[in-house]
Amino acid sequence: MFLCGRFQFDLARPLVMGVLNVTPDSFSDGGRYLAAEQAIAHGLRLCEAGAGILDIGGESTRPGAAAVPLQQELDRVLPVIEGLRNAGVALSVDTSKPEVMRAAIAAGVDLVNDVCALAEPGALAAVADSRVGLCLMHMQGQPRTMQANPQYDDVVAEVAAYLGQRVAEARAAGIARERILIDPGFGFGKGLGHNLVLLRALPQLAAIAPVLAGLSRKSMLGLITGRPVEERLAASLSAALAAVARGAAVLRVHDVKETVDALKVWAAIEENGNG
Ligand code: PT1
């Protein structure tokens, strides 16, 4: 059971989290309003396509991305949260800033997805006094420089130990076990070999807490297939099913409709037929 704000998910079937990036068009004054409107419309489409959760992000954390100032991040995500609040889908905010967490929780999000695993000062306190779910992710380094030279002695042991510690800290802050997801952070300070070893080790991580896997369109899939980001759908679906086969409970994806179809076929094979 995953307790997540207004929602309870039994996690018997994998849950699809749709990615909703809010990046305003800086070319016009109406950019901010337009970006929110477009994100809300896209969110409704992802909802219709079968997303159980929408992950709203106002600061990119992809490799090389720069930090976004607090007020700008708030201006991006809050109108989208308000616009999708009654869409019948769980809302997640993808942020590492305690102030954004607090404002998003007040605006009604159901989940806080933090690539820094609530390690920023004040982040644990910002979520502890609420009913939201959490996703605690592992990252080595910071987005701007994390892919420069990622190094581990034993990537699985180190990621598992870190996530176990972050779960223990959250538990010590009074957060129920049922509210917590963990995430190995594919592509966050990891080379291709690290990502593949972590993917194979998902059953070990799933013993700590339910696992969220974010593989959609990532450069590891580009390295394997030689395809640019806009041509990674087949690779993303393949990676998603490989993650589910190893116990992933939640998939963070761009292509919700296609992922939901792939999971329907998967579930039918797992559950039906007794010829
Ligand atoms: C993720 C994730 C995330 N990914 C969670 N939140 C991103 N919980 C944003 C690349 O290698 O996996 N889990 N929020 C997006 N970040 C990346 C990282 C995007 C790497 C692309 C790459 O291409």
Side-chain angles (χ1 to χ4, degrees), residues 2 4 15-23 51-68 73 76-77 90-97 100-101 104 109-119 123 127 132-148 150 159 162-163 166-167 170 180-196 198-199 202 205 209-233 235-236 239-240 243 248-255 259:
F2 175 46
C4 177
L15 200 60
V16 174
M17 169 190 267
V19 176
L20 205 50
N21 291 319
V22 196
T23 43
I53 308 174
L54 298 178
D55 190 34
I56 301 164
E59 173 177 72
S60 175
T61 52
R62 67 181 54 248
V68 168
E73 195 178 335
R76 289 179 182 184
V77 299
L91 299 184
S92 165
V93 64
D94 188 347
T95 189
S96 298
K97 295 188 182 78
V100 176
M101 294 175 191
V109 294
D110 302 291
L111 192 157
V112 168
N113 171 30
D114 182 4
V115 300
C116 295
L118 303 180
V127 302
V132 298
L134 314 174
C135 179
L136 304 175
M137 200 197 77
H138 175 274
M139 169 164 54
Q140 184 181 89
Q142 293 297 315
R144 207 173 53 76
T145 53
M146 64 190 175
Q147 288 307 107
V159 169
Y162 175 80
L163 292 174
R166 297 311 304 154
V167 170
I180 303 173
L181 302 174
I182 58 169
D183 181 343
F186 293 107
F188 285 88
K190 284 137 195 139
L192 176 59
H194 300 134
N195 289 316
L196 294 175
L198 282 169
L199 184 44
L202 283 192
L205 298 177
V211 170
L212 183 152
L215 293 150
S216 185
R217 300 184 183 173
K218 284 188 177 173
S219 55
M220 61 180 281
L221 305 176
L223 286 173
I224 296 167
T225 60
R227 306 243 179 244
V229 65
E230 66 276 10
E231 293 177 20
R232 294 179 190 160
L233 174 58
S236 297
V250 185
L251 297 171
R252 183 183 183 277
V253 306
H254 300 87
D255 303 288
T259 304

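Ligands are counted one by one from 1 in listed order, and the atoms in each one are counted from 1 as well.
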* To do: Using atom types as modelled and distance alone, determine if a side-chain donor or acceptor of Asn195 lies under 3.5 Å from a backbone N or O of Phe186.
  =>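 It does not hold such a pair.
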* Asked: For Pro184, does its backbone N or O pair with a side-chain atom of Lys190 as donor and acceptor, under 3.5 Å?
  ->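 Judged by distance alone, yes, a pair lies under 3.5 Å.
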Return the minimal non-hydrogen interatomic distance between [X] and [Y], and the atom names on each side.
X      : Y      : value
Leu205 : Val211 : C-CG2, 3.9 Å
Arg166 : Leu118 : NH2-O, 2.9 Å
His138 : Leu163 : N-CD2, 3.8 Å
Tyr162 : Cys116 : OH-O, 3.7 Å
Met146 : Arg62  : CE-C, 4.2 Å

What residue and atom, counting heavy atoms only, is the protein's closest point to [atom], and at what distance?
atom                    : result
atom 16 (N) of ligand 1 : Phe188 CZ, 3.2 Å
atom 5 (C) of ligand 1  : Asp183 OD2, 3.1 Å
atom 20 (C) of ligand 1 : Pro63 CD, 3.4 Å
atom 6 (N) of ligand 1  : Asn113 ND2, 3.1 Å
atom 17 (C) of ligand 1 : Lys218 CE, 3.5 Å
atom 19 (C) of ligand 1 : Arg62 CB, 3.6 Å

Ligand 1-proximal atoms of [X], by part, heavy-atom distance under 4.0 Å:
X      : result
Ser219 : both
Arg252 : side chain
Val19  : neither
Met137 : side chain
Asp94  : side chain
Ser60  : neither

* Asked: Is there a heavy atom of Gly185 sitting under 4.0 angstrom from any atom of ligand 1?
  ->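 Gly185 does not count as a contact of ligand 1 under the 4.0 Å cut-off.
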* Atom CZ in Arg232, atom CD1 in Ile224: separation rounded to 0.5 Å? ->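 Result: 10.0 Å between the selected atoms.
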* Asked: Roughly how far apart are Leu136 CG and Asn113 CG, rounded to 0.5 Å?
  ->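 Taking CG in Leu136 and CG in Asn113, the distance rounds to 9.5 Å.
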* To do: Provide the number and element of each atom of ligand 1 under 4.0 Å from a heavy atom of Cys135.
  =>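 Listed by number with element: 8 (N).
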